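Have a look at the structure below, then the notes.
Everything quoted here is computed from the prediction, not taken from an experiment.
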Amino acid sequence: MNSSYRAIYAVVSDIPPGNVATYGQVASLAGLHGQARRVGYALSVSPDSLELPWHRVINARGAVSARTRTKLHVMQRQLLEQEGVKFFCGKVDLQRFQWAPLSCSS
DNA sequence: TTTATGGCTGTCA
DNA sequence: ATGACAGCCATAA
C-alpha cells in the first residue's frame, strides 16, 4: 500500500452515485496521468472493507471491462443500472454520465 | 532478471 | 469506423 493507491482510492470514493469515471480519468485525478492500467490493478486488489464504488469506474469507451478470471463485470453493470446509469448496446453515454469533478451542472 | 498477465488508452494505418 | 500496436506499471512465477 503506497500513496498512489490511496490517491486512487480517494478519487474513486468521490465519484457520486449515478455517475461514472474512466480509468484514465481516475489516474489523472490521482496524479498518475497515463497510468490507467494501474488504476484497474489497484481496484482489483482493493479490500472490500474500503467499500469503494469501484463499479463506477469503466473504460474510455464507456463500457465495463471484462474480467479474465471473475464475473464481477456482470454485477458491475447491474449496480450501475441500479443507480440510474443507462446502457445502450452495452455502453454508457459518457457525454451524459461521466463524472465532472469541477463542473457547474447548471 | 526476464516473462507474462491484468478491470487501459491514445495513436496510426 | 475498426483493428493492430506500443506505451504505462504492479505482481507473480
From [atom1] ([X]) to [atom2] ([Y]), nearest 0.5 Å:
X       : Y       : atom1 : atom2 : result
A:Leu43 : A:Leu72 : CG    : CG    : 11.5 Å
A:Leu29 : A:Trp99 : CG    : CH2   : 5.5 Å
A:Arg6  : A:Leu50 : CZ    : CG    : 12.0 Å
A:Ser65 : A:His73 : OG    : NE2   : 10.0 Å

* Only one of A:Glu81, A:Arg56, A:Arg67 clears side-chain hydrogen bond (donor to acceptor under 3.5 Å, both in side chains) with A:Gln76; which? ->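 For A:Gln76, the side-chain hydrogen bond (donor to acceptor under 3.5 Å, both in side chains) test succeeds with only one of A:Glu81, A:Arg56, A:Arg67, which is A:Arg67.
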Please report the distance separating the [atom1] of [N] from the corresponding atom of [M], rounded so that it comes out in whole Å.
N      : M     : atom1 : value
B:dT5  : C:dG7 : C1'   : 16 Å
C:dT11 : B:dT1 : C1'   : 15 Å
C:dC8  : B:dG6 : C1'   : 12 Å
C:dA6  : B:dT3 : P     : 16 Å

Quick check on contacts: within [range], what sits under 4.0 Å from DNA chain B by heavy-atom distance?
range                     : answer
residues 56-75 of chain A : A:Val57, A:Asn59, A:Ala60, A:Ser65, A:Arg67, A:Thr68
residues 88-99 of chain A : none
residues 12-38 of chain A : A:Thr22, A:Tyr23, A:Gly24, A:Ala36, A:Arg37

Is it possible for you to say whether [X] and [Y] belong to one hydrophobic cluster, with membership spreading through side-chain heavy-atom contacts below 4.5 Å?
X       : Y       : value
A:Ile58 : A:Leu79 : no
A:Leu94 : A:Phe97 : yes
A:Tyr9  : A:Tyr41 : yes
A:Val57 : A:Val11 : yes

Sub-4.5 Å side-chain heavy-atom contact between [X] and [Y]:
X       : Y       : answer
A:Val64 : A:Phe87 : yes
A:Val92 : A:Lys86 : no
A:Phe88 : A:Asp93 : no

* Where the side chain of A:Asn59 meets the backbone of A:Gly62, is there a donor-acceptor pair that is under 3.5 Å apart? ->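 Yes, the answer is positive, given that a donor and an acceptor are paired below the 3.5 Å cut-off.
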* Qualifying side-chain hydrogen bond (donor to acceptor under 3.5 Å, both in side chains) pairs with a residue from residues 15-28 of chain A, counting only residues at least two apart or across chains ->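 Found A:Ser28-A:His33.
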* Nucleotide range of DNA chain B lying under 4.0 Å from chain A heavy atoms ->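 Both ends considered, the range comes out as B:dG6 to B:dT9.
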* Given pairs defined as Watson-Crick or G-U wobble with both distances under 3.5 Å, what dot-bracket annotation applies to DNA chain B, with ( ) intrastrand, [ ] crossing, | other strand and . unpaired? -> .|||||.||||||
* Atom-to-atom span, CG of A:Leu43 to C1' of C:dC9 - whole angstrom ->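 So the CG-C1' distance, A:Leu43 to C:dC9, works out to 14 Å.
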* Have A:Glu83 and A:His55 got a donor and an acceptor in their side chains that come within less than 3.5 Å? ->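 Yes, side-chain donor-acceptor contact under 3.5 Å.
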